[in-house]
Amino acid sequence: MTLANIDKLIDALYRPGKLNTLHPSEWDILIRQGRHADLLARMGAVVADQNDWVDIPAQPRMHLQSALNLATRQQRELRFEVQQIVNALESTKLPVVLLKGAAYAMSNLKCARGRLVSDVDILVPRTVLSTVESALMKGGWVSAAKSEYDQRYYRTWMHELPPMQHIKRGTTIDVHHAILPLTARLHPSTDKLLAHSLPIFQGSSIRMLAPVDMVLHSATHLFHEGELEKGLHGLIDIDLLLSEFAMQPDFWKELINRATELELVRPLFYALRYASIMLHSQVPDAVVSELERTQGACMSKPILLFMDALFLRALRPPHPSTSDWLTPLARGLLYLRGHWLRMPFLLLSWHLARKTWLAWFPKKTSPAT
Amino acid sequence: MTLRTISTLFPGELSTLLGGRGVRLHVPPFVIHIQSQIPVVSEGLGRLYADHICLDEEDSFADFHVAVLLKRRLFRPLCAFEMDGFQPFTPLAAGEAFAFLEWGMNWCVTSYCHTLITIHSAVLERDGRALILPAPPGSGKSTLCAALMLNGWRLLSDEMALLDPVTGFVTPSPRPVSLKNQSIEIIQRMAPHAVFGPVAHDTMKGTVAHMKVSQDSLARSHVAALPAWLVFPRYQAGSTTRPEAHPKPASLMQLAENSFNHHVHGRHGFDALARVVDRSDCYNLTYSQLPEAIDWFNHLPLPAA
Amino acid sequence: MHLVVWRCPRIEDFSLQNWSEGGVVFDDAEGHLHELTLAACDVFNLLLNQNSWTSLELANTLLGEEPSLTEVAQMDQLLMHFEAMNFVERVVV
């Protein structure tokens, strides 16, 4: 492979001691790669946790510290926001099950360190969607989807309500009733996920997915996603979740069994494969072999090599310094794949045509006055 | 390695560099890497950043990699501001490219610098202490700022106070003073020798031009200053110069409103802003006669210890 | 008989800066600032320093003497305003 390596970026996240010898121009590239990959705050957190600020030169230190300050503040406000959501949903007597970043942050998992979390995602059974929506509206949240098309898109085809925004605070909540869209080819059972959920700490009314489900959700989210610009960030999440939970008894066995039960062996296969290749994640060989033998996980050698060529490019930070001439093609093909996995063909064509049309009229801000 | 400033570059070297690999400038307290093939950008940098130091790309770290790129759209040439490949704004007319660069650099600081508290205001220094002028557009802050600098005040910034939440000092970040419409003529009449950059017409803010920072302001850009005065100016045609003590609670609220990121610093941010208000004399100033207003500023006593 | 008692459940979230003309309180959890009159500052300070007050007790402490019915009613108004701003909660005992 002729791609520039991202060793220094990976070192910054796992072995910051190796940064001591970096030249200013190397720091220059590293900060830019980190920013493009949405990993600056995490790099800052790694330095902070090892008490190594003095070893970082003043200029890059400002960028790492700034990103970490922003992430820390966001999580502070997130805790408040989660409490407001719990208060608003109290009348429904339903458990509040957090997903992704909000769950990681509230339960202080390793992958929450240096993570920018703005929205809160919750998972509820589809049957109670309108109850939840009403309770949130009473609490001051309104649907943020402006057009009728967007409303229909979310409610009919997707796995979530249109995002809801709080009128006073401007914060967003995404209410999911499944972890994949209704139109997708796979339908992992929400009821099973909810049944296995755990409190974020003993005695708490706030819940999160069980460890194996968290890993599978993260893997599914990443490997069903079309836009992988933040892909490395997602892969690092998976690596950190694995290292956090691997010590639990029977974790690996349970992970494979659960993946089989929820029909998520393929995304798990990709997750373990690319985490090993790119991040040197500690996945036991026996686990890899067993997964490869599981139906639906692996694929023929030629196709696997083709997918490697796509993912190993697209999962890198979207920066010229880590890309080659094939990268745009890889991203394009995976973008289509992501949509194909989430929608049947006819619906996809219509949706993509509409997106292309809207792309001619971008809604960007004008410079601050 | 000899330090080169923009003024020591060979004729044509600046525009060649800008159009190619870019120019890396020390714009205190940051290092900014700039690229643009648009002539007005080269013209602006050549005139307004003549004394700024150029750094070697191989040997240095740049905080921000910015570019103003030409985009041809049907009949009207447009330009886009880019920060390392990301375009945060809709394109503007190509004639505004230099102003776009200045606005873009402000955006970089407010978006990515969160070790300091950024406050939308002008900041100047006299007798070792800082005057902070927070103000929404239309308050006349920039005209006042330019006039004060021409009257001996050291400029720390015309747009943004960078407040250190730990020390309480303001870090200088002096850049060309942005002036609009009639202010350009007023200041040019006040100081015919002042160096101005290219004029951009028909921008969102009207006619815009930038005035070069005084040599003293750039030379002492490493010297931070402790705030002593917080003044909320308001230009009102025909009025006398009317200063009024501004209540501290309202001053703190307004200071926070003008701060982009105090909340990022949580309670430390709030406490830092509160300390600024506490140790400073706070005024609101209604004025129309610039010389009278300057005179008032020049005679402001230091706050009681 | 039911008694309404007021308490601040998030003491550690607030930072109060006050002067002779009044003050400003910062809610660290939410990130917002609120301007308060001098009297409101004094009341909030009491709530931050000791949990559980009735409006009668607050008025008494502030005035240094037995408050009138109107003064207690004014205190109730202020506390309800604080409640709307998420500063305090009422507990019925």
Side-chain angles (χ1 to χ4, degrees), chain B residues 110-111 113-121 132 134 136 161 163 165-166 168 227-232 243-284 303-305, chain C residues 6-51 53 55 58-59 61-63 71 74-89:
Chain B
T110 54
S111 299
C113 178
H114 298 297
T115 48
L116 300 170
I117 302 175
T118 49
I119 305 167
H120 184 216
S121 63
I132 300 178
L163 177 71
V166 175
W229 309 281
L230 188 58
V231 178
F232 299 91
E244 269 170 358
H246 201 52
K248 300 240 174 184
S251 299
L252 179 50
M253 292 297 288
Q254 275 175 264
L255 191 62
E257 263 163 57
N258 281 284
S259 154
F260 294 100
N261 68 347
H262 73 88
H263 62 286
V264 176
H265 302 267
R267 319 169 72 107
H268 297 302
F270 172 72
D271 291 343
L273 293 181
R275 275 197 306 272
V276 169
V277 172
D278 195 45
R279 65 160 64 104
S280 305
D281 284 342
C282 306
Y283 301 94
N284 63 63
Chain C
W6 298 90
R7 55 181 290 266
C8 176
R10 305 188 287 121
I11 292 178
E12 64 288 342
D13 286 349
F14 296 106
S15 213
L16 175 64
Q17 171 76 44
N18 54 323
W19 292 278
S20 54
E21 318 117 289
V24 178
V25 67
F26 176 64
D27 183 345
D28 190 33
E30 236 196 335
H32 291 148
L33 280 76
H34 307 268
E35 195 176 345
L36 301 181
T37 60
L38 186 59
C41 281
D42 289 340
V43 173
F44 196 54
N45 236 328
L46 291 174
L47 287 158
L48 288 178
N49 285 312
Q50 179 189 303
N51 239 335
W53 294 85
S55 47
L58 282 167
T61 309
L62 232 56
L63 296 165
E71 283 160 342
Q74 282 171 339
M75 183 59 72
D76 274 326
Q77 285 271 57
L78 176 61
L79 290 163
M80 288 193 287
H81 194 57
F82 279 173
E83 189 183 26
M85 281 150 67
N86 223 335
F87 290 178
V88 297
E89 64 183 13

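Order of the sequence lines fixes the chain letters, A, B, ..., with proteins taken first and strands second; residue numbering starts at 1 for each chain. Every heavy atom of this structure was used, including side-chain atoms; hydrogens, water molecules and symmetry mates were not. Just so it is clear, the model here is predicted, and its values are computed rather than measured.
Distance SG/C/C8 to CZ/C/F82: 9.5 Å, rounded to 0.5 Å. Annotation: the span from B/C113 atom SG to B/N261 atom CG amounts to 7.5 Å, rounded to 0.5 Å. Remark: C/H81 NE2 to C/H34 NE2 distance equals 9.5 Å, nearest 0.5 Å.
Per-residue counts of heavy-atom pairs under 4.5 Å with chain C were compared for B/K248, B/E257, B/H263; the largest is that of B/K248.
Looking at C/N18, there are no atoms closer than 4.5 Å to chain B (heavy atoms on both sides), in backbone or side chain. Contacts between B/D271 and chain C at a heavy-atom distance below 4.5 Å involve the side chain alone, from C-beta outward.
Using modelled atom types, one finds a donor on one side chain and an acceptor on the other under 3.5 Å when comparing B/H246 with B/N284.
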